[in-house]
S.K.: 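Got a structure for you, written out below as structure tokens; questions coming shortly.
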Number of protein chains: 2
Amino acid sequence: MATHGNSKTADRILDIAERLVQTQGYNGFSYADIAAELKTTKASLHYHFATKAALGTRLISRYGENFRRALEAVDGEEPNALRRLRRYADLYAQVLRKDRMCLCGMLASDFFTLPKPMREAVRGFFDKNEAWLVRTLEEGRRARTLQFAGPAEEVARTLVASFEGAMLIARSYGDASRFESVASRLVAQLDGK
Amino acid sequence: MATHGNSKTADRILDIAERLVQTQGYNGFSYADIAAELKTTKASLHYHFATKAALGTRLISRYGENFRRALEAVDGEEPNALRRLRRYADLYAQVLRKDRMCLCGMLASDFFTLPKPMREAVRGFFDKNEAWLVRTLEEGRRARTLQFAGPAEEVARTLVASFEGAMLIARSYGDASRFESVASRLVAQLDGK
DNA sequence: GTCTATAGGTGGATAGAC
DNA sequence: GTCTATCCACCTATAGAC
């Protein structure tokens, strides 16, 4: 196979790379950065992930999978759609409190410098977010815990965009509360009262 | 002096660099890219802008100045605050239709890799956006062309964050209408009826 | 102001020993 | 799996001729 990225070492590489992409961007980190932190060599990293593009693609699929699991947990634990939206917002806030940007929000800004497989995976992440939100919004509207006008898809896209943008800007101010006040306001507007 | 960036050539350099930053990010372009497009040499660029940081700082101040002028024009031409917000949103949409991200939104994602003077300038851009929005929102609320609950500052921050995020994501889909539907929805929510 | 040439460093990636 | 050594392309930046 081209890449051996399935070991414990591979996971540690992914952990470090993930943090570096979320803080510095895809073009702002290098194999040398990871090697220094892992106290190994660049050559060794290339054994686990043959190319930076392969590493990047794996990062996105792992991040998406973790996000999917987190949303599944929210669905399982919280029957109220309004409260599920608050939990969704808190997933973003948790990332921000680690001084990180959403991995895919960061990659969206690097979008036109990314290899094609990574571009498609980034869009896929947003699509999955939107789909979860549409389900949640429609169910909440039916149950009257949420209210909003127009297609759920439009509201979902507004939420994803606003949350990503609020993270991006809050990070520049080192102030997570900037995200939280924006997120609270947007979710409150959907409250079915 | 350290830099001679005030000639017509300097302006052409800034035009090219601006587009490259808006599409590829600060770490995604080089003096070589500019030189190739301007059909000159990297050394010649260094005469106009001694360092990449100096070029970057100048880019932000010029972008901010142009934005300020655009907002002044909106203020002069449009007495209705709701319509001024629509014009504000359209300034973003115009950038996006050129397949570009907002310069400072892009730099916000590169934030922790930027030299300190650039970081401060990026925050300054957002501050000025927010201040203009606060003035507009408060005036619209007084005149009853706008309505919203809570501090204008919170609404202003929500708008900046949402517009930046909507640009970021719309660009990944190559679909400016994704921005426009989000922006329309957010502005419509403020309509004083 | 623009050029050639080059310095000194880092990028991603590979060969081959162990 | 990890290492040393190395390749070559590219990076920002400077020296000095024109």
Side-chain angles (χ1 to χ4, degrees), chain A residues 1-21 23-60 106-107 110 112-119, chain B residues 1-21 23-60 106-107 110 112-119:
Chain A
M1 77 191 92
T3 248
H4 302 84
N6 292 302
S7 59
K8 263 155 199 170
T9 303
D11 286 338
R12 297 176 63 207
I13 294 168
L14 289 167
D15 289 340
I16 295 170
E18 183 179 78
R19 198 194 69 248
L20 290 172
V21 174
T23 50
Q24 327 235 75
Y26 186 72
N27 299 310
F29 88 102
S30 70
Y31 271 41
D33 296 328
I34 303 174
E37 193 165 330
L38 240 180
K39 293 189 211 310
T40 183
T41 59
K42 290 189 290 171
S44 176
L45 301 180
H46 278 286
Y47 169 79
H48 296 280
F49 299 97
T51 65
K52 197 182 180 185
L55 171 56
T57 304
R58 182 66 70 88
L59 275 181
I60 303 173
M106 189 58 101
L107 293 174
D110 298 325
F112 292 109
T113 69
L114 299 179
K116 195 177 295 180
M118 290 186 65
R119 297 188 195 189
Chain B
M1 74 193 91
T3 247
H4 303 83
N6 292 301
S7 58
K8 264 156 200 170
T9 302
D11 287 337
R12 295 176 64 206
I13 294 168
L14 289 167
D15 289 340
I16 294 169
E18 183 179 78
R19 198 194 69 246
L20 290 172
V21 174
T23 51
Q24 328 235 78
Y26 185 71
N27 299 309
F29 88 100
S30 71
Y31 271 41
D33 296 327
I34 303 174
E37 194 165 330
L38 240 180
K39 292 187 211 313
T40 181
T41 60
K42 292 186 285 172
S44 176
L45 302 180
H46 278 286
Y47 168 82
H48 296 280
F49 299 97
T51 66
K52 198 182 178 183
L55 171 57
T57 304
R58 183 65 71 89
L59 274 182
I60 303 172
M106 189 58 101
L107 293 175
D110 298 325
F112 291 108
T113 69
L114 298 180
K116 195 177 294 181
M118 288 185 67
R119 296 189 196 190

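Lettering of chains follows the sequences in order, A, B, ..., and the numbering in each one begins at 1.
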S.K.: How long is the line joining CD1 of Ile34(B) and P of dT2(C), in whole Å?
M.R.: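 Nearest whole value for this atom pair: 14 Å.
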
S.K.: Is the shortest side-chain N/O distance from Ser7(B) to OP1 or OP2 of dG1(C) below 4.0 Å?
M.R.: yes

S.K.: For the side chain of Tyr31(B) and the backbone of Ala43(B), is there at least one donor-acceptor N/O pair under 3.5 Å apart?
M.R.: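 Not a single qualifying donor-acceptor pair exists.
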
S.K.: Think Ser44(B) has a side-chain N or O under 4.0 angstrom from the OP1 or OP2 of dG1(C)?
M.R.: no

S.K.: Would you say that Ile34(B) contacts Leu55(B) through its side chain, given a criterion of any heavy-atom pair below 4.5 Å between the two side chains?
M.R.: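 When only atoms from C-beta onward are counted, Leu55(B) and Ile34(B) do touch, with a gap below 4.5 Å.
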
S.K.: Show the numbers, then the answer: is there a salt bridge (Lys or Arg N to Asp or Glu O under 4.0 Å) between Arg12(B) and Glu37(B)?
M.R.: CA-CA 10 Å; Arg12(B) 295 176 64 206; Glu37(B) 194 165 330; over 6 Å; no

S.K.: Just the rounded figure in Å: distance from P of dT14(C) to CZ of Phe49(A).
M.R.: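 Those two atoms, CZ and P, are 16 Å apart.
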
S.K.: Just how far, in rounded Å, is C1' of dT14(C) from NZ of Lys52(A)?
M.R.: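 In whole Å, dT14(C) C1' and Lys52(A) NZ are 18 Å from each other.
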
S.K.: Between Leu20(A) (CG) and dG12(C) (P), how many Å, whole number?
M.R.: 11 Å

S.K.: For His48(A) and dA13(C), give me the distance from atom NE2 to atom C1', rounded to whole Å.
M.R.: 16 Å

S.K.: Using a cut-off of 4.0 Å on non-hydrogen atoms, how would the nucleic acid contact of Thr41(B) be classed: base, sugar-phosphate, or nothing?
M.R.: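 If one applies the 4.0 Å heavy-atom cut-off, Thr41(B) turns out to touch a base.
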
S.K.: Nearest to the side chain of Tyr47(A) - dG1(D), dA13(D), dT2(C)?
M.R.: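 When the side chain of Tyr47(A) is considered, dG1(D) is the closest of dG1(D), dA13(D), dT2(C).
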
S.K.: Give a yes or no on whether the backbone of Leu14(A) and the side-chain of Arg58(A) come within a donor-acceptor separation of less than 3.5 Å.
M.R.: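 Between the backbone of Leu14(A) and the side chain of Arg58(A) there is no qualifying donor-acceptor contact (under 3.5 Å).
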
S.K.: What is the distance, rounded to the nearest whole Å, between atom CG of Asp33(B) and atom P of dA9(D)?
M.R.: 17 Å

S.K.: Reckon Ser30(B) has a side-chain N or O less than 4.0 Å from the OP1 or OP2 of dC10(D)?
M.R.: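 Answer no for this pair, as no side-chain N or O of Ser30(B) is under 4.0 Å from OP1 or OP2.
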
S.K.: Starting at CG of Leu55(A) and ending at C1' of dA13(C), how long is that distance when rounded to a whole Å?
M.R.: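 About 14 Å, once rounded to whole Å.
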
S.K.: Could you tell me how far apart Asn27(A) (CG) and dA9(D) (C1') are, to the nearest whole angstrom?
M.R.: 16 Å

S.K.: Closest approach to the side chain of Lys42(B), judged atom by atom: which nucleotide of dG1(D), dG1(C), dA13(D) is it?
M.R.: dA13(D)

S.K.: Any donor-acceptor pair under 3.5 Å linking the side chain of His4(A) with the backbone of Tyr47(A)?
M.R.: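 At least one qualifying donor-acceptor pair exists.
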
S.K.: Does Thr40(B) make a side-chain N or O approach to OP1 or OP2 of dC3(C) shorter than 4.0 Å?
M.R.: yes

S.K.: Would you indicate which nucleotide in dA5(C), dT14(C), dA13(D) comes nearest to any side-chain atom of Ala43(B)?
M.R.: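 Looking only at heavy atoms from C-beta outward on Ala43(B), the closest nucleotide is dA5(C).
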
S.K.: Among dG11(C), dG12(C), dA13(D), which nucleotide sits nearest the side chain of His46(B)?
M.R.: dA13(D)

